[in-house]
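Here's the structure, in structure tokens; my notes come after.
Proteins come first, then strands; the chains are lettered A, B, ... in the order of their sequence lines, and each starts at number 1. From a predicted model like this one, the values you see are computed outputs, not experimental measurements.
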Number of protein chains: 2
Amino acid sequence: MYQRKIPIDYDCGLSVAMEVVGSKWKFCILDEISKGIKRPKDLVNFISGITKRVLQKQLKELELHGLLEKTIYTEVPLRVEYNLTTSGKSLLPLISAVDQWGMGFSSQLKTILETEA
Amino acid sequence: MYQRKIPIDYDCGLSVAMEVVGSKWKFCILDEISKGIKRPKDLVNFISGITKRVLQKQLKELELHGLLEKTIYTEVPLRVEYNLTTSGKSLLPLISAVDQWGMGFSSQLKTILETEA
DNA sequence: TCCCTTGGTGATAATTTTATCACCATCCAT
DNA sequence: ATGGATGGTGATAAAATTATCACCAAGGGA
């Protein structure tokens with residue numbers, strides 16, 4: 001997930017995917033949005049550890065890459081919602097699979113890291 | 001994929017998965033190994049852009065995390081092979097899915113990044 | 001006017017990951 | 001002993017990401 005100086009290889013699916021979703025929070029953000037948490041204010045509360053500033057940047061990138069679309073409701077107070085686009089939705093099965101794999105691997109990783117320490 | 005000071009959340013599958021495979025080269029490495037490229041020397045040649053040093057570090061981490069196992073053949077010249085463990089193999093469908101998603105998204109990303117530039 | 005809520009941004013530091021370079025070890029052939 | 005092939009590591013620089021802090025804007029209510 002670090003490739004600005006080293007350009008993206010558009011012929012490598014892994015390279016493309018890493019560019020778009022290979023960062024610490026993006027899977028979490030998309031996951032929460034898919035569950036109905038769509039407002040920045042709520043996302044900050046639901047995603048433990050993320051800060052407002054970082055969330056904003058990630059949302060902006062996801063929007064730029066076409067995975068999220070932003071809707072502004074001119075209510076008061078101002079309401080903004082981020083929704084998954086078709087591309088964004090197409091990622092959900094993958095996110096779910098990664099999450100499940102991680103859950104299944106969790107105990108093994110814990111054992112390994114505690115043993116060496 | 002940055003979480004040493006910020007500890008891993010073992011209850012979050014995404015967090016666990018990111019810790020283990022969330023880095024620039026790991027999917028590529030596992031992918032090549034699954035295709036039969038198992039020696040460090042060959043991996044360096046097949047994975048365009050990676051350097052020997054970086055590959056070694058990634059292999060070591062993958063081995064530590066239990067996704068690869070290392071076999072040393074005392075031949076001459078020395079031969080070392082890295083093979084997927086059961087856990088490593090369990091990742092293959094995921095890697096394949098990510099790769100395919102990336103391939104499908106490639107043209108969209110290219111269009112977006114070229115348009116804004 | 002002052003404050004609150006929500007959404008957003010710029011500048012900068014702190015962290016982490018990647019890259020580069022030099023170097024070592026083994027085994028064998030010349 | 002010299003050199004080539006393979007595998008490996010330490011130190012350090014470079015690059016990228018993430019975190020922190022301060023600040024701004026719009027709209028409405030007290």
Side-chain angles (χ1 to χ4, degrees), chain A residues 1-9 14-15 18-29 33 37-65 68-83 113, chain B residues 1-9 14-15 18-29 33 37-65 68-83 113:
Chain A
M1 21 295 269
Y2 309 108
Q3 28 208 176
R4 190 164 296 168
K5 295 268 168 147
I6 297 171
I8 303 166
D9 179 358
L14 294 176
S15 176
M18 282 300 182
E19 172 69 17
V20 178
V21 292
S23 77
K24 184 174 176 178
W25 300 106
K26 282 178 180 166
F27 272 3
C28 288
I29 292 170
I33 290 177
I37 316 298
K38 303 180 174 182
R39 301 182 65 182
K41 175 214 168 202
D42 294 328
L43 287 166
V44 172
N45 290 330
F46 274 84
I47 302 175
S48 90
I50 202 170
T51 61
K52 181 186 169 191
R53 185 70 178 100
V54 172
L55 174 67
Q56 295 279 17
K57 281 196 172 180
Q58 305 288 302
L59 288 173
K60 207 171 185 180
E61 286 179 23
L62 289 168
E63 189 194 0
L64 169 68
H65 289 158
L68 292 180
E69 62 186 353
K70 178 179 175 180
T71 311
I72 303 176
Y73 298 88
T74 44
E75 302 176 357
V76 60
L78 180 59
R79 182 161 65 99
V80 171
E81 280 191 5
Y82 289 89
N83 282 281
L113 295 187
Chain B
M1 28 263 359
Y2 310 109
Q3 30 208 176
R4 192 164 294 169
K5 296 265 168 150
I6 297 170
I8 303 166
D9 179 358
L14 294 177
S15 176
M18 282 300 182
E19 172 67 17
V20 179
V21 293
S23 76
K24 184 174 176 179
W25 300 105
K26 281 178 180 166
F27 272 2
C28 288
I29 292 171
I33 290 178
I37 315 297
K38 302 180 175 183
R39 301 183 63 182
K41 174 214 168 201
D42 294 328
L43 287 166
V44 173
N45 291 329
F46 274 83
I47 302 175
S48 91
I50 202 170
T51 60
K52 182 186 168 190
R53 185 71 177 101
V54 172
L55 175 66
Q56 296 278 18
K57 281 197 173 180
Q58 304 288 301
L59 288 173
K60 206 171 185 179
E61 286 181 23
L62 288 168
E63 189 195 358
L64 169 68
H65 288 158
L68 291 180
E69 61 186 355
K70 177 179 174 179
T71 310
I72 303 176
Y73 298 89
T74 44
E75 302 176 358
V76 56
L78 180 60
R79 183 161 65 100
V80 171
E81 280 190 5
Y82 289 89
N83 283 280
L113 295 186

[X] [atom1] - [N] [atom2] separation (whole Å):
X: A:Lys26; N: D:dT17; atom1: NZ; atom2: C1'; result: 10 Å
X: B:Met18; N: C:dT17; atom1: CE; atom2: C1'; result: 15 Å
X: B:Glu61; N: C:dT16; atom1: CD; atom2: P; result: 13 Å
X: A:Lys24; N: C:dT16; atom1: NZ; atom2: P; result: 8 Å
X: A:Leu55; N: C:dG8; atom1: CG; atom2: C1'; result: 11 Å
X: B:Ile50; N: C:dA19; atom1: CD1; atom2: C1'; result: 11 Å
X: B:Arg79; N: D:dA5; atom1: CZ; atom2: P; result: 18 Å
X: B:Leu43; N: D:dG8; atom1: CG; atom2: C1'; result: 15 Å

#### Entry: the helix from C:dT1-D:dA30 to C:dT30-D:dA1: angle between end helix axes, five pairs per end, rounded to 10 degrees
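The end-segment axes of the helix from C:dT1-D:dA30 to C:dT30-D:dA1 are tilted 30° relative to each other.
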
Determine the contact category for [X]: base if any of its heavy atoms lies under 4.0 Å from a base atom, sugar-phosphate if only primed atoms, P, OP1 or OP2 are that close, otherwise nothing.
X: B:Lys70; answer: sugar-phosphate
X: B:Tyr73; answer: nothing
X: B:Glu81; answer: nothing

Student check: side-chain heavy atoms of [X] and [Y] closer than 4.5 Å:
X: A:Leu43; Y: A:Leu59; result: yes
X: B:Phe27; Y: B:Val21; result: yes
X: A:Val20; Y: A:Glu61; result: no
X: A:Arg79; Y: A:Arg39; result: yes

### Task
Mind running side chain to side chain contact (heavy atoms under 4.5 Å, CB included) on A:Ile33 and A:Leu62 for me, showing each step along the way?
CA-CA 12 Å; A:Ile33 290 177; A:Leu62 289 168; 5.9 Å; no

For [N], does either OP1 or OP2 sit under 4.0 Å from a side-chain N or O belonging to [X]?
X: A:Arg39; N: C:dT6; value: no
X: B:Lys41; N: D:dT6; value: yes
X: B:Gln58; N: C:dT17; value: no

### Query
Once you round to the nearest 0.5 Å, how far does NE2 of B:His65 lie from NZ of B:Lys60?
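B:His65 atom NE2 to B:Lys60 atom NZ measures 12.5 Å (nearest 0.5 Å).
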
### Query
Say you draw a straight line from NZ of B:Lys57 to NZ of B:Lys52; how long is it, rounded to the nearest 0.5 Å?
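Spacing of NZ (B:Lys57) from NZ (B:Lys52) equals 14.0 Å.
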
### Query
Could you run down nucleotides 20-30 of chain C 5' to 3' and tag each one B, S or - for protein heavy-atom contact under 4.0 Å?
BB------S--

### Query
Between the side chain of B:Asn45 and the main-chain N/O of B:Lys41, is any donor-acceptor distance below 3.5 Å?
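Yes, B:Asn45 side chain to B:Lys41 backbone: donor-acceptor pair under 3.5 Å.
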
### Query
A:Ser15 and A:Ile8: which non-hydrogen atoms are nearest, and at how many Å?
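Shortest heavy-atom separation between A:Ser15 and A:Ile8 comes out as OG-CG2, 3.8 Å.
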
### B:Pro40 versus B:Tyr82, closest heavy-atom pair with distance
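Closest approach of B:Pro40 to B:Tyr82, heavy atoms only: CG-CE1, 3.7 Å.
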
### Shortest side-chain distance from B:Tyr82, nucleotide among D:dG8, C:dT18, C:dG7
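Ranking D:dG8, C:dT18, C:dG7 by closest atom to the B:Tyr82 side chain puts D:dG8 first.
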
